[in-house]
Amino acid sequence: MEKFYFELKHVCKQSGARYGILHTPHGDVETPMFMPVGTLATVKYLSPEELYEMGSQVILANTYHLWLRPGEDVVSNAGGLHKFMNYKKPMLTDSGGFQVFSMSKTRKIDEEGVHFKNHLDGSPLFLTPEKSIEIQNKLGADIIMSFDECPPYPCDYKYMKDSVERTLRWAERGKKAHQNPNQALFGIVQGGDYEDLRKLSATSLANMDFDGYSIGGTSVGEDKETMYRMIEYAIKYLPSDKPRYLMGVGSYDSIIEGVLRGVDMFDCVLPTRIARHGALMTSQGRVNIRDKKYEYDLSPLDPKCNCYTCRNYTKSYLRHLYKCDEGFGKRLLSIHNINFLLKLTKDIREAIKEDRFLDFKNEFFEKYGLNVKNPRGF
RNA sequence: GGAGGAGUAGCGAAGAGGCCAAACGCAGAUGACUGUAAAUCAUUUCCCACCGGGUUCGGCAGUUCAAAUCUGUCCUCCUCCA
């Protein structure tokens with residue numbers, strides 16, 4: 001793996017948070033970073049140009065979903081994901097492991113892999129660690145994931161132990177199957193809130209020497225303190241010279257708490273999904289744009305925001321678009337939320353470089369009225 | 001002028017003596033959403049209230065222990081015929 005490497009540039013003297021650069025075949029990106037999710041080879045409602053303008057670096061796509069539609073060969077035929085969807089910056093694909101969790105009612109796990117019931121037509125599907133890697137090789141993202149089981153929370157010890165051990169065997173198989181030297185492969189730490197299992201998972205993966213390490217099995221229903229503990233259990237046993245990716249986390253408080261614990265990468269559907277549903281992250285806390293109180297409100301979503309939406313549109317108009325179910329509204333709201341998190345991570349990087357991340361965190365939490373019991377600041 | 005049909009909550013529309021403050025859809029009001037089966041899901045919408053109570057089904061008058069539902073009458077609308 002020549003084209004991909006992680007450069008840990010600075011550790012905040014005040015907090016221990018990390019600033020780094022991820023070198024990839026599609027350019028260098030700075031960490032900590034937030035990665036918008038584009039499951040079906042599109043960040044819903046947003047163009048690549050809009051993403052660049054906001055400072056987006058890496059974006060995600062999904063193995064399971066692209067495997068079904070349009071099929072990895074269609075993407076490969078187009079020259080890979082980047083060319084297929086015209087995204088010129090680095091990309092990352094998830095392995096399908098999250099679908100083991102999100103579609104748990106319609107799948108069966110065995111040692112060999114996972115039997116899914118195709119959610120589109122009901123047909124049987126079988127995804128294995130090797131198959132997931134093969135698909136991801138064809139999709140051609142810069143960073144790919146091991147196929148894992150994302151277990152639920154809560155989860156009893158026996159089940160979790162078996163699951164973690166199986167996921168480790170799958171990681172080994174996937175690593176062996178990985179053929180494309182231009183793609184970095186990450187292992188995924190599991191183990192729920194059991195410290196010994198997180199330790200087992202993290203140390204075993206570290207011994208396999210992956211290009212980076214993901215922390216999975218979080219934000220699946222546990223409370224925030226538990227999630228932060230899971231992160232600590234995992235990171236404690238991960239090498240510091242490799243990137244750490246906290247999967248599926250994207251609320252602003254959790255990003256800050258994650259960075260504080262040594263996380264470099266985050267992804268989440270939250271900003272785009274809640275935007276489509278009318279909820280916005282702002283410096284005033286959460287705004288539900290549907291609410292009647294905004295009917296005549298000519299102010300921007302967030303007076304402190306400089307995104308395209310806030311520069312040009314009023315709450316009154318955004319509410320109107322939302323209530324009429326207009327696509328342009330979903331786009332404007334998505335722009336705002338993505339911008340909010342990209343700006344947040346940019347500010348975080350600056351604070352780390354200047355050794356004041358702890359101050360930054362405290363100020364942010366104070367300003368937003370945030371605490372663990374009131375993570376949104378209301 | 002004659003014959004037939006219809007008026008139910010903001011709108012559409014079920015209900016044809018008690019289980020009806022009245023299904024369902026839409027619209028409205030809120031909430032949720034964390035590696036996207038998510039333009040989804042949940043709650044709520046006659047009035048006042050904590051239990052609970054008070055007014056409703058075009059109007060009025062009846063029948064009945066009991067009426068949105070049956071009878072009479074009036075009003076409004078639609079269709080057809082003159």
Side-chain angles (χ1 to χ4, degrees), chain A residues 34-45 58-66 68-69 92-107 116-122 125 132 136 141 143-151 153 186 188-190 212-224 227 230-231 245-255 257-258 263 265-281 286-295 319 321-331 333-334 337 341 375-376 378:
Chain A
F34 175 74
M35 307 181 285
V37 180
T39 304
L40 281 163
T42 171
V43 177
K44 295 186 192 302
Y45 290 91
V58 178
I59 64 170
L60 262 70
N62 181 276
T63 298
Y64 172 89
H65 290 286
L66 293 175
L68 269 56
R69 283 189 307 198
L92 181 155
T93 44
D94 185 29
S95 60
F98 185 70
Q99 280 62 46
V100 181
F101 167 77
S102 66
M103 308 213 211
S104 60
K105 284 170 290 283
T106 50
R107 56 89 177 131
F116 287 99
K117 181 175 174 181
N118 184 326
H119 68 283
L120 299 169
D121 65 9
L125 296 166
S132 174
Q136 294 187 80
I143 304 167
I144 69 176
M145 292 296 125
S146 287
F147 186 55
D148 66 328
E149 177 192 358
C150 176
Y153 180 89
F186 281 32
I188 304 178
V189 180
Q190 293 292 351
Y213 300 91
S214 304
I215 300 165
T218 61
S219 53
V220 288
E222 78 283 8
D223 56 55
K224 300 235 171 186
M227 178 169 83
M230 291 174 175
I231 297 169
Y245 163 27
L246 180 58
M247 305 184 82
V249 171
S251 62
Y252 40 57
D253 55 310
S254 295
I255 287 176
E257 295 285 0
V263 175
M265 304 158 69
F266 301 83
D267 82 285
C268 199
V269 305
L270 192 69
T272 42
R273 179 184 291 168
I274 71 175
R276 273 178 277 125
H277 298 166
L280 292 311
M281 303 173 179
R286 180 176 169 131
V287 166
N288 286 334
I289 198 62
R290 171 190 49 217
D291 291 0
K292 192 166 180 62
K293 59 188 170 192
Y294 303 122
E295 191 173 18
R319 177 175 192 268
L321 292 181
Y322 179 82
K323 291 187 71 78
C324 295
D325 199 24
E326 283 291 339
F328 187 49
K330 295 178 200 304
R331 179 164 143 219
L333 297 175
S334 296
N337 273 354
L341 291 185
R376 274 198 212 135
F378 281 98

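In what follows, chains are A, B, ... by sequence order, proteins preceding strands, each numbered from 1.
With centroids closer than 5.5 Å and planes inclined by less than 30 degrees as the test, A:His277 and the base of B:U40 pass as a stacked pair.
Checking the phosphate oxygens (OP1, OP2) of B:A29, no side-chain nitrogen or oxygen of A:Asn288 falls inside 4.0 Å. The side chain of A:Thr39 contributes an N or O atom lying less than 4.0 Å from OP1 or OP2 of B:U36. Distances shorter than 4.0 Å separate none of the side-chain N or O atoms of A:Arg273 from OP1 or OP2 on B:C41. The phosphate of B:G35 (OP1 or OP2) has no side-chain N or O of A:Thr218 nearer than 4.0 angstrom. Considering only side-chain N and O atoms, A:Lys323 lies under 4.0 angstrom from the phosphate OP1 or OP2 of B:G28. For the pair A:Gln99 and B:A37, the criterion of a side-chain N or O lying under 4.0 Å from OP1 or OP2 is met. The phosphate of B:G28 (OP1 or OP2) has no side-chain N or O of A:Arg319 nearer than 4.0 angstrom.
Within the 4.0 angstrom heavy-atom criterion, base atoms lie near A:Ile188. A:Lys117 comes within 4.0 angstrom of no nucleic acid atom, judged by non-hydrogen atoms across all strands. Residue A:Gln190 is classed as a base contact, given a heavy-atom separation below 4.0 Å to a base. Nucleic acid contact for A:Asp148: base, since at least one base atom lies under 4.0 Å from a heavy atom of the residue. Residue A:Gly217 is classed as a base contact, given a heavy-atom separation below 4.0 Å to a base.
Atom CE of A:Met227 is separated from atom P of B:U34 by 12 Å (rounded to the nearest Å). We find that CZ of A:Arg276 is positioned 12 Å from P of B:U36, with the value rounded to whole Å. Computed from coordinates, the A:Tyr322 OH to B:A32 C1' distance equals 11 Å when rounded to whole Å. Regarding A:Asp291, its CG atom lies at a distance of 18 Å from the P atom of B:U45, rounded to whole Å. Atom pair A:Phe101:CZ and B:A37:P shows a separation of 10 Å (rounding to whole Å applied). Put simply, CD1 on A:Ile255 is 12 Å from P on B:G35, counting in whole angstrom units. Distance CG (A:Asp325) to C1' (B:A38): 13 Å, rounded to an integer number of Å. The interatomic distance linking A:Leu270 (CG) with B:U34 (P) rounds to 7 Å, in whole Å.
Between B:C46 and B:U55, the distance separating the two C1' atoms is 8 Å to the nearest Å. For the P atoms, the distance from B:A49 to B:A37 is 44 Å, rounded to whole Å. Comparing the C1' positions of B:C33 and B:A39 gives an interatomic distance of 14 Å, to the nearest angstrom. Separation of the C1' atoms belonging to B:C26 and B:G18 is 31 Å when rounded to the nearest angstrom. Remark: the separation of the C1' atoms in B:A6 and B:A68 is 15 Å, to the nearest Å. With both ends at atom P, the span from B:U71 to B:U64 equals 15 Å, rounded to whole Å. Taking the C1' atom of each, B:A38 and B:C24 are spaced 24 Å apart, rounded to whole Å. Comparing the P positions of B:C19 and B:A67 gives an interatomic distance of 10 Å, to the nearest angstrom.
Across all strands shown, B:C65 forms a Watson-Crick or G-U wobble pair, both distances under 3.5 Å, with B:G18. B:A9 makes up no base pair with any nucleotide shown, lacking Watson-Crick or G-U wobble contacts both under 3.5 Å. In this structure, B:U56 makes no Watson-Crick or G-U wobble pair, since no nucleotide meets both defining distances under 3.5 angstrom. Searching all strands for a Watson-Crick or G-U wobble partner of B:C80 with both distances below 3.5 Å returns B:G2. In this structure B:U43 sits in a base pair with B:A29, meeting the Watson-Crick or G-U test at under 3.5 Å.
With distances taken from any side-chain atom of A:Tyr245 to the nucleotides B:U34, B:A29, B:G35, the minimum falls on B:G35. Looking at the side chain of A:Cys268, the nearest of the listed nucleotides B:A32, B:G35, B:A37 is B:G35. Of the candidates B:U34, B:G35, B:A32, B:A32 carries the atom nearest the A:Arg286 side chain, counting heavy atoms from C-beta on. Among the nucleotides B:A37, B:A39, B:U36, the one closest to the side chain of A:Val269 is B:U36. Considering only side-chain atoms of A:Thr106, the nucleotide from B:G35, B:A37, B:C33 that sits closest is B:A37.
Between A:Glu222 and A:Thr218, the side chains place no donor N or O within less than 3.5 Å of an acceptor N or O (distance only, hydrogens not considered). Judged purely by distance below 3.5 Å, without hydrogens or angles, the side chains of A:Asp94 and A:Gln99 never pair a donor atom with an acceptor atom. Between the side chains of A:Ser251 and A:Asp253, at least one donor-acceptor pair of N or O atoms lies under 3.5 Å. Using modelled atom types and a 3.5 Å distance limit, the side chains of A:Tyr322 and A:His277 yield no donor-acceptor pair.
With hydrogens and angles ignored, no donor-acceptor pair closer than 3.5 Å exists between the side chain of A:Lys293 and the base of B:U30. In the interface, the side chain of A:Arg290 is not paired with the base of B:G28 through any donor and acceptor atom under 3.5 Å apart. A donor N or O paired with an acceptor N or O is found under 3.5 Å between the base of B:U36 and the side-chain atoms of A:Thr272.
At a threshold of 4.0 Å, the pair A:Arg319-A:Asp291 does not count as salt-bridged, since none of the basic side-chain nitrogens sits closer than that to a carboxylate oxygen.
Residue A:Lys292 is the one, among A:Lys292 and A:Asp94, whose nearest nucleotide of RNA chain B lies closer to the 5' end (criterion: closest heavy atom).
No more than 12 heavy atoms of other residues, nucleotides or ligands lie within 6.0 Å of NZ in A:Lys117, so this atom counts as exposed by the packing criterion.
Panel note: side chain A:Thr42, backbone A:Gly38; no donor-acceptor pair is recorded below 3.5 Å.
Centroid-to-centroid, the aromatic rings of A:Tyr45 and A:Phe328 stay 6.0 Å apart or farther.
Closest non-hydrogen pair, A:Ser214 versus A:Met145, comes out as OG-SD, 3.2 Å.
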